[in-house]
Amino acid sequence: MRQKIVAGNWKMNLDLVEGEELLTNILDQERGKDVVTIVAPPYIHLSSAKRMLSHTNIGLAAQNCHNQTSGAYTGEVSVKMLKSVGVEYVILGHSERREYFKEDSLAISFKVNHVIENGLRPIYCCGETLTERKDGQHFEIIEKQLTEGLFQLNEIELLNCIIAYEPVWAIGTGETASPEQAQEVHAFIRKTIASQYNAITANSVSILYGGSVKPSNAVELFNCPDIDGGLIGGAALQAESFATLTKSF
Ligand code: PGA
């Protein structure tokens, strides 16, 4: 079912005490009603975050996972482990994973499958670089990322995914896609899903925008017809701005 969603990606920020402080402050803030609010702290925060969030309606996401259940994969964390501490969502295919850790859409598709098999919900990121946008390749790139990373799923499985459009040139740069640019790509993503699956599926998936979203630009972005909320980096590290974003619909 299409939902309004605001998800905070903390990336590699905050130690455990700072993370607990941020969550305490978020819980003190008034948040938007009828909006699914999610936080994605680093792995080491997850189990204490779950305890703090247990009687709230804030969901918990991990920022990554491995595609195997267990084994000799030093440094990795499995979905089974994430599930055991109460994680419900996993961010996959973030451009920082694609760029710095060389994850391609095929590798990400294995993680997507594994997350779905375990009953968790992937937040699947896609988006073009600045060069790709300047070359007019953004639609092609996004279609490829969706086809290779997500469209191996059947319709029911796809409905359990959240998609995040994050133009790489807008992430952490202060430069946001205009509402028109973002809406155009979100509509394209829905059209692509409709031709692969059907119109009902396309209209039922939540598609988030990510890239320098902040309280000053969120309202016009989140009110575009095909934008269902945001995947937030920098502005998710401050309780007040994060809470404001959940009220920006
Ligand atoms: P930003 O990050 O809001 O700091 O641009 C968004 C993201 O990378 O998910």
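Order of appearance sets the numbers: ligands from 1, and atoms from 1 within every ligand. Note that these values count all heavy atoms, side chains included, but never hydrogens, waters or copies made by symmetry. All residue numbers refer to positions in the sequence shown, counting from 1.
Residues Leu208 and Ile91 share a single hydrophobic cluster, defined by chaining ILVMFWY side chains whose heavy atoms lie under 4.5 Å apart.
Under 4.0 angstrom from ligand 1, the non-hydrogen atoms of Ala170 all belong to its backbone. Here Asn9 has side-chain heavy atoms under 4.0 Å from ligand 1, and that is the only part of it that gets that close.
Looking at ligand 1, you'll find an N or O of Gly234 within less than 3.5 Å of one of its N or O atoms. Below 3.5 Å of separation, one finds no N or O of Gly211 facing any N or O of ligand 1.
Salt bridge status for Arg121 with Glu88: absent, with no side-chain N to carboxylate O gap under 4.0 Å. Looking at Glu103 and Lys111, a side-chain N of the basic residue comes within less than 4.0 Å of a carboxylate O on the acidic one, giving a salt bridge.
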inquiry  = Set out, in order, the CA-CA distance, both residues' side-chain angles and the distance that settles side chain to side chain donor-acceptor pair (under 3.5 Å) for Gln145 and Ser105, then state yes or no.
reply    = CA-CA 6 Å; Gln145 290 172 344; Ser105 292; 5.4 Å; no

task = Test salt bridge (charged side-chain N to carboxylate O under 4.0 Å, His left out) on Asp228 and Arg190 and set out the steps.
result = CA-CA 12 Å; Asp228 301 307; Arg190 263 187 233 288; 2.8 Å; yes

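Protein heavy atom closest to atom 9 (O) of ligand 1, with residue, atom name and distance, is Glu166 OE2, 2.7 Å.
Counting atoms of ligand 1 from 1 in the listed order, those under 4.0 Å from a heavy atom of His94 are 7 (C), 8 (O), 9 (O). The ligand atoms of ligand 1 that sit less than 4.0 angstrom from a heavy atom of Ser212 are 1 (P), 3 (O), 5 (O).
A distance of 9.0 Å separates CG in Leu237 from NZ in Lys11, rounded to the nearest 0.5 Å.
Across Gly233, Gly172, Ala40, heavy-atom proximity to atom 5 (O) of ligand 1 is greatest for Gly172.
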